[in-house]
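Step one of this worksheet: look at the structure below.
For clarity, every value in this text was computed on a predicted model and none was experimentally measured. To find a chain, count down the sequence lines: A is the first, B the second, and so on, and within it residues start at 1.
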Protein chains: 2
Amino acid sequence: MPTLLDVARAAGVSTATVSKVLSNTPYFTEATRAKVMQAVDELGYVPNLAARALSSGKTHIIAVVFPYVYDALFTDPLVLRILEGIEAELTKRGYNILLSTPRLRESGPDTHYTRLIRSGYIEGVIALDSVPMASVLEIVRQRKMPAVAIGYHPNTYSIRSDDHQGGQLQMEHIIRLGHHKIGIIASDESLHFSIEHRLRGLQHMAEQHGLSYQQMPRANGDFSIDSGAKAARQLLTEHPDLTALLCLNDRMAMGAIQTAQAMGRQVPDDLSVIGYDNIPLSMASSPALTTIDQQAPELGRIAATMLFEVFDGKQPATATLPTTLIVRQSSSHVLVNNY
Amino acid sequence: MPTLLDVARAAGVSTATVSKVLSNTPYFTEATRAKVMQAVDELGYVPNLAARALSSGKTHIIAVVFPYVYDALFTDPLVLRILEGIEAELTKRGYNILLSTPRLRESGPDTHYTRLIRSGYIEGVIALDSVPMASVLEIVRQRKMPAVAIGYHPNTYSIRSDDHQGGQLQMEHIIRLGHHKIGIIASDESLHFSIEHRLRGLQHMAEQHGLSYQQMPRANGDFSIDSGAKAARQLLTEHPDLTALLCLNDRMAMGAIQTAQAMGRQVPDDLSVIGYDNIPLSMASSPALTTIDQQAPELGRIAATMLFEVFDGKQPATATLPTTLIVRQSSSHVLVNNY
DNA sequence: CTGAAAGCGCTTACAG
DNA sequence: CTGAAAGCGCTTACAG
């Protein structure tokens, strides 16, 4: 591999000049610039990033941190959608993605992760930081490294989806369809900060319409398909008069639909089921899922944009992205009034 | 951040000694080792990876290359499953994942990618290299960088799923269920090498059972849900006597089921639909999808293992992973003989 | 507008 | 078993 020195010799200038020309420093003769660029082209020179990193501290590597908790990381299509947005923005700016997947414990993330953060490789961090148990950004903050969180931990810079509003949209939709025997499939609030906010949104809207949120039966899953199926079985068994199931993610909703059908319920004719997330496959369930879109790619894209603002010395304000109701075929008006 | 020199001073030894102790070179007094380790602990020393990379060429960074083509990268759950396997093995060995998503054109991958490969950052490459249009490993091979391909390009080291066998399993299953009016939903063979092999598997098994593969109606999609839906509509309209649809991925199968249902066909009662991939959500469709499992995580895990063998100077043989038929509810015996 | 030289934090033959 | 010293390939004040 040709080095900076090779280019300098070929162009008949110093390495300092080559370095400055390549980093677009102004104040250079057009002639010098041309000589240098020609040498670069002829030699096929590509800068050694490790050397650049060592001398300047600029690695052009961003750690994208997706903690390895419950079943989300490699099973949840939503994660991939968020990554898509991050990738688009980072790639556009010529940055690289170091995918970090720390194991999260009460005591914090694993040492491989903490070492990585302190290794000098990382120029900034974008992290999914929404697990109440521990924050992956604690160590990053200590080091004062530029970082943006997607989530609810009290980090300096962060972005999140408006989960409270999303919950409201779910409840409002189902109430407008005439339902009032409504079951809720959620998860324990310790699994993800968003749960608490979505539930509050549900409650807020229910009470606004004079329904008692407290009396709505609820079962908790862990976001997986199976857990949604189990939760639905429990709710529909204990409360056969339910006409609607509000699920706090799409995968649990899909599990719920399967179970409901296996129990002889028609969806949506005698049971409406609503999901949350609008994962790509939610349109492919039978019936297609009514759900809440939370702009996952946009969440990632904006997080990346905010990180570059931090690089530029700015202090981007916490952003909250609105959600949208996507009406498909899994919800409909109540047909039977069974009370 | 404390440096090697700080540690050396604190321990009262040279930086060479610290370096060697840390890299587990033998021949050291237990006393020396203890002194060094204590200094490391006290100072909270973490090696600077850029410096290590520059001087030794060992970066502990593996580029995981997923080309950005058709709709696969951020929409196909299979990609995430493969990544899961790669991540597990790489993390276990203390290596980091640089996620590279080059745009692929006829002329090859984009320059950001080729520069990355030549940047000195990358110690090895694991790539999904199955798009006939161009190979992302061409440039890597030129540089003689250790690499393992998941796919069919003629790369030195590679692993793949037994697509031919997978095709056979699909066909065998549906024939055993008594079907012989069989439609095929595939994609153009230019999109992915696996298609050709799966189709051959289909053909092989059909002919072995005395059925004419040539006469089986076929429609092509692009792996997306929508394209599967369209292909199914076309096939079922032009050939209403079909009793089975063999789809070369799960997402097209899910789209096909939806369309079939919308056209008034019961699945599986008067139409069996079989998918391919066994993505996590295939169990959540209604009815749950009969499909072919190709051990996606294992594919990634073994690719990573092979890469470390290459690091060790070995020459791992090309591996082929067997597939399995997963029978769920979307396939059943033919009920009506309509010919 | 351009260059000489120090320095980033490690590793690695080479000596002893 | 341990250390002195060169070197990896860049960038960056500092001079001129």
* More than 12 foreign heavy atoms under 6.0 Å from CZ of B/R33: is that the case here? ->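 Check passes, neighbour count above 12.
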
With a 4.5 Å cut-off on side-chain heavy atoms, are [Y] and [X] touching?
| X | Y | answer |
| --- | --- | --- |
| B/L321 | B/E298 | yes |
| A/P316 | A/V310 | yes |
| A/Y113 | A/I139 | yes |
| A/I61 | B/I61 | yes |
| A/I126 | A/V65 | no |

* Mind listing the closest non-hydrogen atom pair of A/L98 and A/I122 along with its distance? =>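 Where A/L98 meets A/I122 most closely, the heavy atoms are CG-CD1, 4.2 Å.
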
* To do: Provide the closest heavy-atom pair for B/G94 versus B/H60 in the form atom of the first, atom of the second, distance.
  =>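 Closest approach of B/G94 to B/H60: O-ND1, 3.6 Å.
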
* To do: Identify whether any heavy atom of A/K58 sits under 4.0 Å from a base atom; if not, whether one sits that close to sugar-phosphate; answer base, sugar-phosphate or nothing.
  =>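 Nothing: the residue A/K58, judged by heavy atoms under 4.0 Å, touches no strand.
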
* Would you mind telling me which residue lines up with the more 5' stretch of DNA chain D, B/K20 or B/A51, judged by nearest nucleotide? =>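 This one resolves to B/K20.
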
* Asked: Does B/S55 or B/T32 map to a spot on DNA chain D nearer the 5' end, using the closest nucleotide for each?
  ->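 Result: B/T32.
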
* State which residue, out of A/H153, A/H192, A/R160, fulfils the side chain to side chain contact (heavy atoms under 4.5 Å, CB included) condition with A/S130. =>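 Exactly one candidate clears the test, A/H192.
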
* Between B/S23 and A/S14, just flag the one whose closest nucleotide in DNA chain C comes earlier from the 5' side. =>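 The 5'-side residue here is A/S14.
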
* **5' to 3' contact window, DNA chain C with chain A (heavy-atom distance under 4.0 Å)** =>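 Using the under 4.0 Å cut-off, the span is C/dC1 to C/dG9.
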
* A/K58 backbone acceptor or donor facing A/E123 side chain under 3.5 Å ->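 Here the side-chain-to-backbone pair does not exist.
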
* Asked: Which residues, if any, of residues 1-11 of chain A bring a heavy atom under 4.0 Å of DNA chain D?
  ->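 Of all residues in residues 1-11 of chain A, the ones placing a heavy atom under 4.0 Å from DNA chain D are A/T3, A/L4.
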
* In dot-bracket, 5' to 3', how would DNA chain D read with Watson-Crick or G-U wobble pairs under 3.5 Å, [ ] for crossing ones and | for pairs to another strand? -> |||.||||||||.|||

